[in-house]
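Single-structure report; data block below.
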Amino acid sequence: MNQTKQISEADAIRSWLRQQISQHTDRSLDLLENDVPLSSYGMDSISAISLAVEIEERYGLELDTDTLWEYRTIDRLVQLLTTLTPA
């Protein structure tokens, strides 16, 4: 995958994730920072499982239940998803 396509894909994933996290945490998109742990925004285990299911459905992946705690920021999740999604 060329670098421009990879950046574009990462931006699309980041944008989608930010929207989902905003909905799950009732936080404005303007208040979400890409390098802050999701738990700082009030993301709990129930909302994390729900988000993981949405990620699985959107990207056709199967995630471990601990994925959102291991990759706990938006940027870390974007890095993971760009490596797992097909080119």
Side-chain angles (χ1 to χ4, degrees):
M1 177 183 317
N2 71 37
Q3 188 172 7
T4 302
K5 184 175 179 183
Q6 191 173 18
I7 290 169
S8 173
E9 180 182 348
D11 288 343
I13 292 170
R14 183 175 293 104
S15 176
W16 181 82
L17 274 175
R18 289 174 57 81
Q19 290 172 3
Q20 301 313 307
I21 292 164
S22 173
Q23 291 174 2
H24 283 284
T25 62
D26 292 324
R27 301 270 178 145
S28 167
L29 285 171
D30 298 340
L31 299 177
L32 297 178
E33 295 183 37
N34 296 330
D35 60 350
V36 171
L38 300 177
S39 59
S40 297
Y41 299 124
M43 194 81 146
D44 59 15
S45 58
I46 293 171
S47 55
I49 290 170
S50 180
L51 178 60
V53 168
E54 291 169 0
I55 291 169
E56 289 175 346
E57 289 174 354
R58 179 168 179 99
Y59 295 103
L61 302 171
E62 189 171 321
L63 300 177
D64 186 281
T65 54
D66 292 330
T67 299
L68 294 183
W69 303 126
E70 292 173 28
Y71 298 88
R72 58 185 174 199
T73 68
I74 293 169
D75 280 343
R76 295 280 319 273
L77 280 171
V78 169
Q79 289 172 348
L80 173 68
L81 294 175
T82 55
T83 61
L84 294 179
T85 54

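Pairs of residues two or more places apart, or lying in two chains, never qualify as salt bridge (charged side-chain N to carboxylate O under 4.0 Å, His left out) while including a residue from residues 44-68. Among residues at least two apart or in separate chains, side chain to side chain donor-acceptor pair (under 3.5 Å) pairs with a member in residues 25-42 are R18-N34.
Both V36 and L81 belong to a common hydrophobic cluster when Ile, Leu, Val, Met, Phe, Trp and Tyr are linked at side-chain heavy-atom distances under 4.5 angstrom.
At a threshold of 4.5 Å between non-hydrogen side-chain atoms, the residues T67 and I55 do not count as touching. In this structure, L51 and M43 have side chains that are in contact, with non-hydrogen atoms separated by less than 4.5 Å.
Taking W16 as the reference, Y59 meet the ring pair (Phe, Tyr, Trp, His ring centres under 6.0 Å) condition, with sequence neighbours excluded. Evaluation of the side-chain hydrogen bond (donor to acceptor under 3.5 Å, both in side chains) rule for E70 yields no partner, not counting sequence neighbours. Scored by the salt bridge (charged side-chain N to carboxylate O under 4.0 Å, His left out) test, D75 finds R14 as partners (sequence neighbours excluded).
With hydrogens and angles ignored, the 3.5 Å screen pairs no side-chain donor or acceptor of S15 with any backbone N or O of D11.
Exactly one residue among I74, L29, L68 makes a side chain to side chain contact (heavy atoms under 4.5 Å, CB included) with I21. That residue is I74.
By the 6.0 Å contact criterion, CG on L31 is enclosed, its count of non-hydrogen atoms from other residues, nucleotides or ligands being greater than 12.
In this structure, the separation between CG on L84 and CG on L80 is 4.5 Å, given to the nearest 0.5 Å.
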